[in-house]
Each structure stands twice: as C-alpha cells, then as structure tokens.
Q: 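I'd like to ask some things about the structure below.
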Amino acid sequence: RYCHVNVPDELLRDLLPGPVTVVLQRSEELNKDLNPYTSLVGVRIPNHSFIRELARACSGPLALTSANISCQASTLTVSEFQDLWPQLSLIIDGGPIGDVRSPECRLGSTVVDLSVPGKFTIIRPGCALTSTVEILRQKYGLIPESS
C-alpha cells in the first residue's frame, strides 16, 4: 500500500525476502517526509527472522538505513558500528545478519529500480547482482534501461 507495484507478484516472490531492494513509485499513503524529493521508494524484506518479526510488530513501514557511514562496507554485527552508538537513540542486537567472514555479505543489498514497466535499472550492484539480473532478464524478460 506504500508503493505502486507494477510487476508480477511472482517476480517479487522471486526477489523477496532476500538481499534485494526494489525501487517502485511511491503511493500517496507513504509519509511525504520520507524521501521527499523523489517519487520513488525502496522496499526491502530481509531474509532475517529477527528483523522480520520486528517489522511485523510495527503498524507501518520501517524507514531504515544501514549502520555504517555511506560508502563504507556494511556492518554485520552491532559491535562493528560501535563508533556510531553515541549518535543513535536505540540499538537492538538481533545477532549477526550474515556470514561475518564473507566479503560478499558486506556489499549490501542489490538495489534495482523496477518503476518503469518492462525495464530495470541497477542502482547498486550489491551482493545479489548476478541472480537478480538473471531473474529479471531470463524469467521475466525485462530489459536493462539505458543510462
């Protein structure tokens, strides 16, 4: 209800939950203070039981950012962003969100813009680029939008 879904439900089930953020047209129901200068919104459903339970307990969408400074590797445990703690109001430790030994886990989610029917744009390659592009191109016939 917070975005306009213009892709098949099956496509969303193929990408979510998991390490993919889909970007779609925002709906009027989404708080206008969230991303106020764009008509788009990113939607992510992580495949991590703790964060999914937390989301279920909330009555609306969660507006989140990664617990790292922009352009730095993603953190996978709360201790890895300890230097940011003084700037935060709340820290919840739900355990590691990936294999801390895997460099791929630190790439963040693959962010793909699906707001243009029949096309896709990779905004951030992230950790699921190959599988995401394969699903979009081969299974659904979407074409990359030229930059």
Side-chain angles (χ1 to χ4, degrees), residues 1-27 29-115 119-140 142 144-145 147:
R1 72 183 219 217
Y2 299 107
C3 61
H4 298 289
V5 178
N6 62 337
V7 296
D9 287 347
E10 185 181 357
L11 185 154
L12 293 179
R13 284 191 295 273
D14 283 342
L15 298 177
L16 305 171
V20 178
T21 299
V22 295
V23 176
L24 300 164
Q25 290 288 330
R26 66 186 296 133
S27 74
E29 200 164 333
L30 186 65
N31 182 324
K32 290 177 185 10
D33 291 331
L34 298 174
N35 292 352
Y37 304 110
T38 180
S39 62
L40 303 176
V41 63
V43 176
R44 170 118 193 271
I45 302 172
N47 194 13
H48 189 271
S49 58
F50 173 78
I51 194 66
R52 289 175 66 190
E53 286 297 319
L54 181 63
R56 281 186 195 100
C58 298
S59 61
L62 297 175
L64 303 171
T65 185
S66 300
N68 64 323
I69 296 172
S70 188
C71 297
Q72 289 186 353
S74 294
T75 58
L76 302 177
T77 67
V78 295
S79 63
E80 292 178 346
F81 62 92
Q82 192 168 2
D83 55 323
L84 298 177
W85 290 4
Q87 300 170 49
L88 305 174
S89 299
L90 175 68
I91 301 159
I92 300 173
D93 187 351
I97 58 170
D99 181 354
V100 295
R101 297 166 304 212
S102 170
E104 186 175 80
C105 282
R106 297 185 183 279
L107 295 176
S109 66
T110 294
V111 181
V112 59
D113 183 340
L114 298 174
S115 64
K119 298 184 178 183
F120 71 92
T121 302
I122 299 297
I123 296 172
R124 180 175 70 193
C127 64
L129 177 63
T130 303
S131 61
T132 300
V133 170
E134 184 175 294
I135 288 167
L136 297 175
R137 290 187 90 166
Q138 294 177 9
K139 187 168 183 182
Y140 295 97
L142 300 183
E145 180 147 43
S147 309

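Nothing here was measured: the structure is a model prediction, and the numbers come from that model.
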Q: Return the minimal non-hydrogen interatomic distance between Leu142 and Lys119, and the atom names on each side.
A: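 That would be CD2-N, 4.1 Å.
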Q: Closest heavy-atom contact between Ile45 and Arg52?
A: CG2-NE, 4.1 Å
Q: Any chance you could measure Leu15, atom CG, to Thr21, atom OG1, to the nearest 0.5 Å?
A: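 Answer rounded to 0.5 Å: 10.5 Å.
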Q: Side chains of Arg1 and Ser27: any donor to acceptor distance under 3.5 Å?
A: no
Q: So how far is it from Ile51 CD1 to Leu62 CG, rounded to the nearest 0.5 Å?
A: 6.0 Å
Q: For Arg44 and Val20, which heavy atoms make the closest approach, and how far apart are they?
A: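 Closest pair (atom of Arg44, atom of Val20, distance): CD-O, 3.4 Å.
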Q: Check Lys139 against Asp14 and note the closest heavy-atom contact, atom names and distance.
A: NZ-OD2, 2.8 Å
Q: Judged by atom type as modelled, is there a donor-acceptor pair below 3.5 Å linking the side chain of Tyr140 to the main-chain atoms of Glu10?
A: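 Flag set: sc Tyr140 to bb Glu10 pair under 3.5 Å.
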Q: Enter the distance from Ser109:OG to Leu107:CG here, rounded to the nearest 0.5 Å.
A: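 Here the rounded value is 10.5 Å.
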Q: By salt bridge (Lys or Arg N to Asp or Glu O under 4.0 Å), which residues pair with Arg56, not counting sequence neighbours?
A: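 Glu53.
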Q: Atom CD1 in Ile135, atom CG in Leu11: separation rounded to 0.5 Å?
A: 7.5 Å
Q: Can you tell if the side chain of Leu12 reaches within under 4.5 Å of the side chain of Val7, non-hydrogen atoms only?
A: yes
Q: Just verifying a value: how many Å separate Cys127 SG and Glu104 CD, rounded to the nearest 0.5 Å?
A: 6.0 Å
Q: Quick one: are Tyr2 and Asn31 in side-chain contact, heavy atoms under 4.5 Å?
A: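 Side chain of Tyr2 against side chain of Asn31, heavy atoms only: no contact under 4.5 Å found.
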Q: Test your reading of the model: is there a side-chain donor-acceptor pair from Asn6 to the backbone of Ser115, 3.5 Å cut-off?
A: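 Judged by distance alone, yes, a pair lies under 3.5 Å.
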Q: Would you call Arg137 and Pro144 a side-chain contact if the rule is heavy atoms closer than 4.5 Å?
A: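 With C-beta onward as the side chain, the pair touches.
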Q: Using every non-hydrogen atom in the two residues, find where Cys3 and Val43 come nearest and quote the distance to one decimal.
A: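 Looks like SG-CG2, 4.0 Å.
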Q: Could you tell me the separation between the CG atom of Asp113 and the CG atom of Leu24, rounded to the nearest 0.5 Å?
A: 8.0 Å
Q: Identify the two heavy atoms, one from Glu145 and one from Thr121, that lie closest to each other, and give their separation to 0.1 Å.
A: CB-OG1, 3.3 Å
Q: Please tabulate, one pair per line, all N/O donor-acceptor pairs under 3.5 Å involving side-chain atoms of residues 85-98, not counting sequence neighbours.
A:
unit_1 : atom_1 : unit_2 : atom_2 : d
Trp85  : NE1    : Val78  : O      : 3.3
Asp93  : OD1    : Gly95  : N      : 2.9

